[in-house]
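We use all heavy atoms of the structure for the numbers below, so side chains are in, but hydrogens, waters and symmetry mates are not.
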Amino acid sequence: MKNAPLRVPPRTKLTGEQFAGDWTPTHASQPDYGILFIPDIAIPLPDGTILRGDLYRPDADEAFPVLLAWSSYTKELQNTGLPLPINEVGQVSYLVARGYCHLTVNARGAGKSAGQHMMHFSPQEHKDVADVIEWAATQPWSNGNIGMIGMSYFAAIQYLAAAQQPPHLKAIFPYLGFTDLYRHFAYHGGAFHSGFFAPYYTFVGSTQSLSVPPVLRHLGSYLLNRNWIQRRITSFFFKNEEKMPQQMHPEGEWMRDFAQLAFDEPYDGPFYREKSAWPVLDRIQIPVCIGTNWANPGIHSRGAFQAWHGIHAPKKLFIGPPDPRWPWSNYHGELLAWYDFHLKGMDTGVNEQPPVRYWLQGADCWKSATDWPIPDTTTQRLYLHARSERSEDSHVLQATHPTQSTTLQFAAIPRGTNYPKELEKHISQRLTYLSEPMLEDTEVVGPVKLQLILSSTAIDTHVVARLSDVAPDGTVRLLSFGWLQASHRRIDEQLSRPDEIIHEHRHPEALTPSQPVCLSFSLTPTANLFKKKHRLQLEIGSRPDLLKATVFDGFIYFPYEAPPYLARNTVFHGESDTSYLEVSIRGKDGVPLPDA
């Protein structure tokens, strides 16, 4: 294509929070440039394989910093305005107009790139990303300063690229990027993440051969990037996610990847380790701005906190308000300030921002801290106790140790099991525990841990837990989620941190029916202001489709294959059988939660 200015550049539409906190840069790049576009640019790898990318660059003779967006998703749907969960390269026109080249590249064997298809995040992909970074640094339109851009896949690969230490990669900005392919992506507490993988592999595998003329992509961004259209498309996509795997026709390589994850690699080990960032986070030597939000417990939330602890290079962390949306359109002000400083040497003020910034839900404001978990917090243990013998009643979270031993039961029914609807009137599938109303406004900020003494009538079962804020009028606001397959209860003492319990997932241990075991696991961290008279609610069950959150609740969270068997599960409370929830309360001395 002729290297000429674009008559119709992709539409820029920034939405949601643009800065992590109430600040503005002291200096910022201005939109001084037109945009040139080179589609399907050829990128040679050292072994002769040709990758293809889309290059947008400023319309000027000088050289500029380059922001690389990398994934196995087809680049043909980027910049169309479609609110699809693969359109995550950011607002191209916003950045290019401000003096950056934006290069979106398809991985080897994906989209229009040549080469053998690979499983996501394979060691060869790590090397390919580093090679492309060094190739981009030598191009006449590049000044040799390279950063990376994008969320989800585009973010997760940034950690792996930085660990390769390519000389010209100067900083990264991973927003919503997981760091553990097994625990964050493929399996939830040991249960296969089928509710995500089935539509994911179907859709991504079915769009690999798409070819959309650039002019249609750019025109689409003006037509489709409208709130009412995006709401309808998002609603259609997520309401049909269970039908999609039966109606589309993905390429064979993607189905073989699905089968390998589901059938051949059910446990953690070398297969997942070599494709995960967590073992190599300490190899990252460049500045990193780690971003996440409270809306992504199902895939990305835990990765931000693992990256924060594993990276020893200069780093910042921000956790924004719940905000599931596509195309990626928030935090571009933060990203621009980050790269203006690290790639252009501008005094933006980003380096003076606090190490940790987080959105305090309930108060709906930004807070800051020197570290995560927040240093000035007090751990509060809340014991589970039965108010009555009826499982369907609301039960008790109390600060004092129960003096009586009690039990409650709930049914574990695998998804898809055919059972009489009337059963639900008589047999509960969940337990609900409530604290007393808060005596004063209370900030619960940081790790959330749950210990259950539990028995099952089956040789294995599953537990999912959900934490919420309940207002006096009964309004429920979801906050945090956790899960664990009982046979995967062995804790990895070496990998666990004070703020997160991490399990081995290598050697399952069957339950002895009706014999209690201790299940300890972390829920996703939270930051919430429980206002006076609000209550903290904990729900426990076995079916993630009953204790769920959806994009319509403001969350990205998919069901998964659990529980494995029909069972009746029993939770024990009391002096010798201690089931409890642990939360962290921010304050000078900690504000104790009210007792029952």
Qualifying salt bridge (Lys or Arg N to Asp or Glu O under 4.0 Å) pairs with a residue from residues 73-100, counting only residues at least two apart or across chains = D40-K75, D54-K75, E76-K112, E76-R217
Results of ring-ring contact (aromatic ring centres under 6.0 Å, His included) for F305 - residues two or more places apart only | W372
Without placing hydrogens or testing angles, list every side-chain donor-acceptor pair under 3.5 Å for residues 121-132, not counting sequence neighbours.
residue: S122; atom: OG; partner: E125; partner atom: N; Å: 3.4
residue: Q124; atom: NE2; partner: D128; partner atom: OD1; Å: 2.8
residue: E125; atom: OE1; partner: F121; partner atom: N; Å: 2.6
residue: E125; atom: OE1; partner: Y153; partner atom: OH; Å: 3.3
residue: E125; atom: OE2; partner: W70; partner atom: NE1; Å: 2.8
residue: E125; atom: OE2; partner: Y153; partner atom: OH; Å: 2.7
residue: H126; atom: NE2; partner: F121; partner atom: O; Å: 2.8
residue: H126; atom: NE2; partner: S122; partner atom: O; Å: 3.4
residue: K127; atom: NZ; partner: D131; partner atom: OD2; Å: 3.0
residue: D128; atom: OD1; partner: R108; partner atom: NH2; Å: 3.0
residue: D128; atom: OD2; partner: R108; partner atom: NE; Å: 2.9
residue: D128; atom: OD2; partner: R108; partner atom: NH2; Å: 3.4

Exercise answer: donor-acceptor pairs, residues 282-290 side-chain atoms, under 3.5 Å, sequence neighbours excluded:
residue: R283; atom: NE; partner: A163; partner atom: O; Å: 3.0
residue: R283; atom: NH2; partner: A163; partner atom: O; Å: 3.1

Mind jotting down which residue pairs meet the salt bridge (Lys or Arg N to Asp or Glu O under 4.0 Å) criterion with at least one end in residues 140-157? Sequence neighbours excluded, please.
-> none
Considering residues at least two apart in sequence or located in another chain, which fulfil the side-chain hydrogen bond (donor to acceptor under 3.5 Å, both in side chains) criterion with H342?
->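 In terms of side-chain hydrogen bond (donor to acceptor under 3.5 Å, both in side chains), with neighbours along the sequence ignored, H342 is linked to no residue.
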side-chain hydrogen bond (donor to acceptor under 3.5 Å, both in side chains) contacts in which one or both residues fall within residues 289-299, not counting sequence neighbours =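 Sorted result for residues 289-299: Y175-N293.
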Look at E62 together with R57 and state whether they make a salt bridge at an N to O cut-off of under 4.0 Å.
->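 A salt bridge is absent here (no side-chain N lies under 4.0 Å from a carboxylate O).
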Kindly indicate whether a cation-pi arrangement holds for K239 with F552, taking the cut-offs as under 6.0 Å to the six-membered ring centre and within 45° of the axis.
-> yes
Results of ring-ring contact (aromatic ring centres under 6.0 Å, His included) for Y272 - residues two or more places apart only |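 Result, ring-ring contact (aromatic ring centres under 6.0 Å, His included) vs Y272: Y182.
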Going by atom type alone, with no hydrogens or angles, which donor-acceptor pairs under 3.5 Å involve a side-chain atom of residues 259-270 and a protein atom two or more places apart or on another chain?
residue: D268; atom: OD2; partner: R183; partner atom: NH1; Å: 3.0
residue: D268; atom: OD2; partner: R183; partner atom: NH2; Å: 3.1

Among all residues two or more places apart in sequence or in another chain, which pass the salt bridge (Lys or Arg N to Asp or Glu O under 4.0 Å) test with D545?
->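 Here the qualifying residues are R543.
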Mind jotting down which residue pairs meet the side-chain hydrogen bond (donor to acceptor under 3.5 Å, both in side chains) criterion with at least one end in residues 9-20? Sequence neighbours excluded, please.
-> K13-N227, T15-R325, T15-S329, E17-W366
Would you please name every residue forming a ring-ring contact (aromatic ring centres under 6.0 Å, His included) with H218, sequence neighbours left out?
->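 So H218 forms a ring-ring contact (aromatic ring centres under 6.0 Å, His included) with F37, Y56.
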